[in-house]
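Everything numeric here is computed off the predicted structure, so don't read it as measured data. Reminder, nothing fancy here: chain letters follow the sequence lines and each chain counts from 1.
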Amino acid sequence: MHALKVTRAEDFPEWYQAVVREADLAEQSPTRGCMIIKAWGMGLWERFVAEMDARIRATGHENYYFPLLIPLSFFAKEAEHVEGFAKEMAVVTHHRLKQIDNELKPDPDAELTEPLIIRPTSETIIGDAFSRWIKSYRDLPLKLNQWANVMRWEMRTRMFLRTAEFLWQEGHTAHVDEADAMEETMLALEIYRSVVEDVMAIPVILGEKSENERFPGAERTYSLEAMMQDGKALQAGTSHYLGTHFAEAQNIRYQDKDGAMQLAHTTSWGTSTRLIGGMIMVHGDDDGLRTPPAMAPKQIVIVPMLRGKPEDTELKEYCAALAAELNKKTALGGAVRASVDVKDAKPTDKRWDWVRRGAPIICEIGPRDAANGQVTFIQRTALREGEKVKSTSVARADFVVQAPALLEGIQQQLFDEARARLEANIRADLNTWDAIEAYYGAGDDESDVKGWARVAWSRPSGDDLERVTERLKALKLTIRNAPLQQPASFDQCVFSGKPGVEEILIARAY
RNA sequence: CGGGGUGUAGCUCAGCCUGGUAGAGCAUUAGCUUUGGGAGCUAAGGGUCGCGAGUUCGAAUCCCGCCGCCCCGACCA
């Protein structure tokens with residue numbers, strides 16, 4: 001018997017929805033395509049923010065805040081950028097409501113002279129500020145970051161993975177030249193790798209996006225690609241070298257040491273609440289989420305087995321003291337996060353609530369444990385032994401000493417499991433188009449996992465690239481990225497038979 | 001935005017074909033029993049059946065329109 005009614009094997013999308021709901025992560029809101037992020041889900045996001053923000057600051061960036069609303073005219077400046085976002089922008093046109101025919105409607109007399117766009121990303125308004133702030137080479141590099149909500153009017157939304165409104169972090173920087181800006185682009189990618197792999201325990205492959213998958217207005221786009229348990233890829237973060245495109249469009253110029261005017265080279269990079277969805281699909285099991293300890297808002301949850309009897313008081317004290325002792329310990333680079341679940345609910349219900357949320361360690365302390373000075377716990381990543389829930393009892397002092405190593409072990413275990421899955425599901429032997437078609441085209445049974453393929457190609461451009469993506473689309477495949485780590489020599493291009501110049505990852509994707 | 005599905009109690013769903021003003025299980029509340037582990041018995045509360053218009057003496061049920069959600073597609077840093 002599992003804690004969720006749907007298993008991954010039965011129906012992966014249904015299972016995903018069940019985890020979001022049952023683990024108390026988020027729920028659908030009355031506003032179309034938007035979600036209410038609940039305490040455990042928000043706690044995960046806050047852990048992400050803490051870890052990401054620390055790394056962004058440590059590398060010389062500072063946080064700013066720009067407006068939610070952007071003048072429409074700002075978007076008209078960078079042609080590709082507008083084209084990329086025009087179809088999904090929410091527009092504010094009025095500043096007042098009025099009762100008309102018994103209905104509240106925008107007041108026709110209160111139309112804005114210039115409509116405002118709810119930001120889908122902030123390149124334009126930040127670029128505008130850059131153009132005023134940057135005058136001299138001494139003003140560069142300018143490295144800033146913003147934590148914000150953005151809105152993109154998506155046709156098809158999915159909790160965390162693609163919502164109309166989402167929370168994210170967007171870094172924006174300006175540099176004297178390409179070399180400096182490229183260094184920054186790769187630095188951002190490394191910051192992302194560190195948080196996604198070391199904190200979220202999600203193994204990723206870093207690489208460059210193909211021409212057709214680039215951010216609108218970017219010169220080069222790099223991504224982190226993660227593999228979900230159904231074999232699909234999820235873009236876990238992107239970093240863009242914008243060249244001088246935005247500098248030209250928005251007049252971001254500086255005077256160099258010789259007094260000559262130069263265009264700044266800019267970058268932008270972002271990660272979002274989408275990663276929470278990725279974490280669910282990488283680490284979840286049929287009992288709910290398995291939260292990596294470094295991400296868990298509560299790493300150790302203590303459930304006292306209260307019986308409504310006099311000894312309850314002593315039991316509560318024992319548990320509170322245990323939590324306090326654990327909180328003095330250090331694990332995964334920070335203080336251990338342990339707390340007692342004092343909610344007035346049945347202990348077994350509380351246990352399963354925490355199992356579904358994926359608390360790494362759940363302690364269940366009864367009067368006998370308190371009397372014997374011991375701790376009985378279950379480990380989320382080793383929940384069952386056969387059909388039964390596996391619990392372990394150890395002396396309290398030993399548990400406190402071992403807890404940090406236990407948490408670190410769970411963190412490592414989750415990462416190793418995910419990495420083994422990633423490596424096992426990348427085919428490197430599909431070196432002809434026929435082989436690709438045979439593999440991905442055959443028996444479209446949704447239940448068998450079809451992972452990624454790593455293939456050589458001749459890096460076509462323009463119409464040739466268009467034809468390649470059409471062929472891939474027929475198999476529901478997309479080009480994910482060209483991994484940074486490339487072999488010394490290449491097979492023939494699987495699409496054209498020409499000499500290969502690069503290897504790319506192709507996969508079905510979210 | 002196209003195709004398919006779906007919307008009935010907090011949750012999972014039955015009822016709809018063959019109209020007669022609402023059901024089950026779980027959850028909730030109360031009482032009793034139980035107590036090293038997703039307890040048992042008894043009782044109670046809870047729904048303008050997604051929204052709107054229509055046919056009808058009468059609509060959860062039939063007709064029309066709209067909306068949300070889920071899946072596939074298109075689209076998508």
To the nearest Å, give me how far apart [atom1] ([X]) and [atom2] ([N]) are.
X: Lys476(A); N: A74(B); atom1: NZ; atom2: C1'; result: 13 Å
X: Ile362(A); N: G37(B); atom1: CD1; atom2: P; result: 16 Å
X: Tyr16(A); N: C69(B); atom1: OH; atom2: C1'; result: 15 Å
X: Glu10(A); N: C71(B); atom1: CD; atom2: P; result: 16 Å
X: Lys5(A); N: G25(B); atom1: NZ; atom2: P; result: 14 Å
X: Lys390(A); N: G37(B); atom1: NZ; atom2: C1'; result: 18 Å
X: Asp349(A); N: U35(B); atom1: CG; atom2: P; result: 19 Å
X: Leu4(A); N: G38(B); atom1: CG; atom2: P; result: 19 Å

Practice item. For Glu22(A) and for Arg32(A), locate the closest nucleotide of RNA chain B by heavy-atom distance; then report the residue assigned to the nucleotide nearer the 5' terminus. Key: Glu22(A)

Practice item. For Gln374(A) and for Ser29(A), find the nucleotide of RNA chain B with the closest heavy atom, then tell me which residue's nucleotide is more 5'. Key: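 That would be Gln374(A).
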
[N] versus [M] - spacing of their [atom1] atoms, nearest Å:
N: A22(B); M: C26(B); atom1: P; result: 23 Å
N: G50(B); M: A9(B); atom1: P; result: 8 Å
N: G3(B); M: U8(B); atom1: C1'; result: 26 Å
N: U29(B); M: G10(B); atom1: P; result: 15 Å
N: A60(B); M: C16(B); atom1: C1'; result: 7 Å
N: G4(B); M: A77(B); atom1: C1'; result: 30 Å
N: G45(B); M: A53(B); atom1: P; result: 32 Å
N: U18(B); M: U61(B); atom1: C1'; result: 10 Å

Review point. Taking atom types as modelled and ignoring hydrogens, do the side chains of Thr478(A) and Arg480(A) form a donor-acceptor contact shorter than 3.5 angstrom?
Key: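 Side-chain D/A pair, Thr478(A) to Arg480(A): present.
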
Practice item. Check the side chains of Trp354(A) and Asp341(A) for a donor-acceptor pair under 3.5 angstrom, ignoring hydrogens and angles. Key: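 Distance-only check passes for Asp341(A) and Trp354(A).
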
Check your understanding: Do the rings of Trp168(A) and Phe166(A) sit parallel, tilted or perpendicular, given the 30° and 60° boundaries?
Key -> perpendicular

Practice item. On the 0 to 90° scale, with breaks at 30° and 60°, tag the Phe215(A)-Phe246(A) ring pair as parallel, tilted or perpendicular. Key: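 Taking Phe246(A) first and then Phe215(A), their aromatic rings lie parallel (interplane angle under 30°).
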
Partner of [N] by Watson-Crick or G-U wobble geometry, both contacts under 3.5 Å, or none?
N: A74(B); value: none
N: A39(B); value: U33(B)
N: A59(B); value: none
N: A44(B); value: U28(B)
N: U6(B); value: G68(B)

With a 4.0 Å cut-off on heavy atoms, is [X] in touch with a base, just the backbone sugar-phosphate, or nothing at all?
X: Asp11(A); answer: nothing
X: Gly33(A); answer: sugar-phosphate
X: Pro13(A); answer: sugar-phosphate
X: Thr157(A); answer: sugar-phosphate
X: Arg384(A); answer: base

Review point. Where the side chain of Glu14(A) is concerned, which of U12(B), G37(B), C70(B) is the nearest nucleotide?
Key: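 Minimum distance to the Glu14(A) side chain belongs to C70(B).
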
Review point. Out of U12(B), G38(B), C70(B), which has the shortest distance to the side chain of Arg21(A)?
Key: U12(B)

**Study point:** Ring-ring centroid check Phe377(A) Phe399(A), cutoff 6.0 Å
**Key:**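 When the ring centroids of Phe377(A) and Phe399(A) are compared, they turn out to be within the sub-6.0 Å range.
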
Below 3.5 Å is the cut-off: list the nitrogen or oxygen pairs between protein and nucleotides 75-77 of chain B, distance only.
unit_1	atom_1	unit_2	atom_2	d
C75(B)	OP2	Lys473(A)	NZ	3.0
C76(B)	O2	Arg162(A)	NE	2.9
C76(B)	O2	Arg162(A)	NH1	3.2
C76(B)	O2	Arg162(A)	NH2	2.2
A77(B)	O2'	Gln235(A)	NE2	2.5
A77(B)	N7	Arg152(A)	NH1	2.9
A77(B)	N7	Arg152(A)	NH2	2.2
A77(B)	N6	Arg152(A)	NH1	3.0
A77(B)	N6	Arg152(A)	NH2	2.7
A77(B)	N1	Arg152(A)	NH1	3.2

For residues [X] and [Y], determine if any side-chain heavy atom of one lies less than 4.5 Å from a side-chain heavy atom of the other.
X: Glu88(A); Y: Glu154(A); answer: yes
X: Glu184(A); Y: Trp269(A); answer: yes
X: Met35(A); Y: Phe160(A); answer: yes

Review point. Judged by atom type as modelled, is there a donor-acceptor pair below 3.5 Å linking the side chain of Asp398(A) to the main-chain atoms of Ala395(A)?
Key: no

Check your understanding: Got a donor-acceptor contact below 3.5 angstrom from the Arg356(A) side chain to the Gly288(A) backbone?
Key -> no

Exercise for review: Could you walk me through whether Asp353(A) and Lys350(A) pass the salt bridge (charged side-chain N to carboxylate O under 4.0 Å, His left out) test, one step at a time?
Suggested key: CA-CA 5 Å; Asp353(A) 283 347; Lys350(A) 291 200 272 193; over 6 Å; no

Point to revise | Qualifying salt bridge (charged side-chain N to carboxylate O under 4.0 Å, His left out) pairs with a residue from residues 371-384 of chain A, counting only residues at least two apart or across chains | key: Asp285(A)-Arg380(A), Asp287(A)-Arg384(A)

Review point. Which residues in residues 276-288 of chain A have at least one heavy atom lying under 4.0 Å from any atom of RNA chain B?
Key: none

